[in-house]
Amino acid sequence: MINLIEQINRLFDNFQDPACRAWDGYNPYLRPNWREGVEDELHLIREHSPIPLPEDYCEIFRRFGGGGIEDRRSNYAIPTMTFWKWDDIKEFDETVNFFEDCPHALPFGDDIGDIVYLYVHDGDDSGIYMAYKSDFFEEIQKLAGSLTELFTDVETQRLFRNYYRFGCDKGGDGRSIR
């Protein structure tokens with residue numbers, strides 16, 4: 001059985017297409033020691049998170065934390081997804097009082113735009129969600145039961161593309177037509 005990172009690499013064709021890229025929080029000028037400190041950053045998130053972190057989140061954060069996945073191919077697998085470091089999570093919380101209003105959730109990334117991704121740990125409602133930052137509490141859409149499901153299940157990916165593009169499932173697969 002392949003691990004989740006191998007599955008993500010397979011899903012994105014090992015990021016060989018110039019329209020598809022993956023990056024982590026490493027920056028030779030701003031964060032030259034990022035790769036050595038990623039476990040410390042993950043510990044910081046664990047320490048401050050109001051919910052237990054799922055193992056698939058930890059696995060993905062170790063690879064893409066402080067960075068993300070962007071797919072601009074015409075037949076993209078999933079929309080852009082970043083994975084925030086603690087300072088980004090804290091800033092989002094301070095902006096919208098997230099932890100006060102959502103004590104069973106952790107915002108973990110965005111689409112480099114107006115959509116935020118979060119993990120909810122609350123019984124039957126547990127899973128991965130997306131919401132618009134501008135009207136956060138108005139429209140929250142469940143995408144998957146876990147990050148593993150999001151990156152391994154074709155139907156879940158199809159629904160994600162539709163919710164991302166249209167705000168609902170309009171049928172079809174929500175892929176860009178270019």
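Residue numbers run from 1 in the order of the sequence given. As the structure is a computational prediction, the values presented were derived from the model and not from experiment.
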Problem - Distance-only polar pair, side chains of T156 and E149, donor-acceptor under 3.5 Å - result: yes
Handout entry: Flag side-chain contact, heavy atom, 4.5 Å: L106 against L118
Key = no
Practice task
Look at the side chain of R158 and the backbone N and O of G172, then say whether any donor-acceptor pair between them is shorter than 3.5 Å.
Solution key: yes
Practice task
Might you point out which heavy atoms bring A77 and F12 nearest each other, and give the distance in Å?
Solution key: CB-CE2, 4.0 Å
Exercise for the section: Can you sort out the partners of H48 under ring-ring contact (aromatic ring centres under 6.0 Å, His included), two or more places apart, ordered by chain and number? Expected result: W86
Practice task
Can you sort out the partners of F166 under ring-ring contact (aromatic ring centres under 6.0 Å, His included), two or more places apart, ordered by chain and number?
Solution key: none
Practice task
Take R31 and K85 through the side-chain contact (heavy atoms from CB on, under 4.5 Å) test and state the conclusion after the steps.
Solution key: CA-CA 12 Å; R31 287 190 247 148; K85 58 192 187 322; 3.7 Å; yes
Problem - Whether over 12 other heavy atoms sit under 6.0 Å from E139 CD - result: no
Problem - Partner residues of K133 under the salt bridge (Lys or Arg N to Asp or Glu O under 4.0 Å) criterion, sequence neighbours left out - result: D110
Fill in the blank from the handout: Heavy-atom closest pair (I51 atom, A105 atom, distance to 0.1 Å) is CG2-N, 3.8 Å
Practice task
Any ring pair (Phe, Tyr, Trp, His ring centres under 6.0 Å) involving residues 113-132? Give me the pairs, sequence neighbours left out, ordered by first then second residue.
Solution key: Y117-F160
Exercise for the section: Determine yes or no for a side-chain-to-main-chain donor-acceptor pair under 3.5 angstrom, with Q16 supplying the side chain and N14 the backbone. Expected result: yes
Practice task
Please check if any side-chain donor atom of Y164 sits under 3.5 Å from a side-chain acceptor atom of D111, or the reverse.
Solution key: yes
Practice task
Might you point out which heavy atoms bring I45 and W84 nearest each other, and give the distance in Å?
Solution key: CD1-O, 3.8 Å
Problem - Distance-minimising heavy-atom pair for W23 and I112 - result: CH2-CD1, 3.9 Å
Practice task
Go through D17 and R72 one step at a time and tell me if the salt bridge (Lys or Arg N to Asp or Glu O under 4.0 Å) criterion holds.
Solution key: CA-CA 9 Å; D17 189 313; R72 292 179 287 122; over 6 Å; no
Handout entry: Distance-minimising heavy-atom pair for P107 and F99
Key = CD-CE2, 3.8 Å
Handout entry: Audit row: C58, R46, side-chain contact (heavy atoms from CB on, under 4.5 Å) steps and yes/no
Key = CA-CA 9 Å; C58 296; R46 248 192 205 112; 3.1 Å; yes
Exercise for the section: Please name the pair of heavy atoms, one in L150 and one in L143, separated by the smallest distance, quoted to 0.1 Å. Expected result: CD1-CB, 4.4 Å
Practice task
May I ask you to decide if the ring planes of F83 and F108 are parallel, tilted or perpendicular, using 30° and 60° as cut-offs?
Solution key: parallel
Handout entry: Charged N-O contact under 4.0 Å between R62 and E59
Key = no
Exercise for the section: Start with the C-alpha gap between I8 and F15, add the side-chain angles, then the distance that decides, and say whether side-chain contact (heavy atoms from CB on, under 4.5 Å) holds. Expected result: CA-CA 9 Å; I8 291 170; F15 301 97; 4.2 Å; yes
Handout entry: Contact check, side chains of Q157 and Y76, non-hydrogen atoms, under 4.5 Å
Key = no
Exercise for the section: Could you please spell out the steps behind the side-chain contact (heavy atoms from CB on, under 4.5 Å) verdict for L4 and I60? Expected result: CA-CA 8 Å; L4 185 55; I60 289 173; 3.6 Å; yes
Handout entry: D87 with K90: basic N within carboxylate O range, under 4.0 Å
Key = no
Practice task
Ignoring hydrogens and angles, tell me if any N or O in the side chain of E6 forms a donor-acceptor pair with the backbone of N3 under 3.5 Å.
Solution key: yes
Exercise for the section: Test E70 against R21 for salt bridge (Lys or Arg N to Asp or Glu O under 4.0 Å), laying out the working first. Expected result: CA-CA 5 Å; E70 180 178 37; R21 70 185 184 114; 2.8 Å; yes
Exercise for the section: Could you pull out all residues at least two apart from D13 that satisfy side-chain contact (heavy atoms from CB on, under 4.5 Å)? Expected result: R73
Exercise for the section: Check whether any side-chain N or O of D71 sits under 3.5 Å from a backbone N or O of P79 as a donor-acceptor pair, and report yes or no. Expected result: no
Practice task
Under the salt bridge (Lys or Arg N to Asp or Glu O under 4.0 Å) rule, collect the residues that match up with D56, sequence neighbours excluded.
Solution key: none
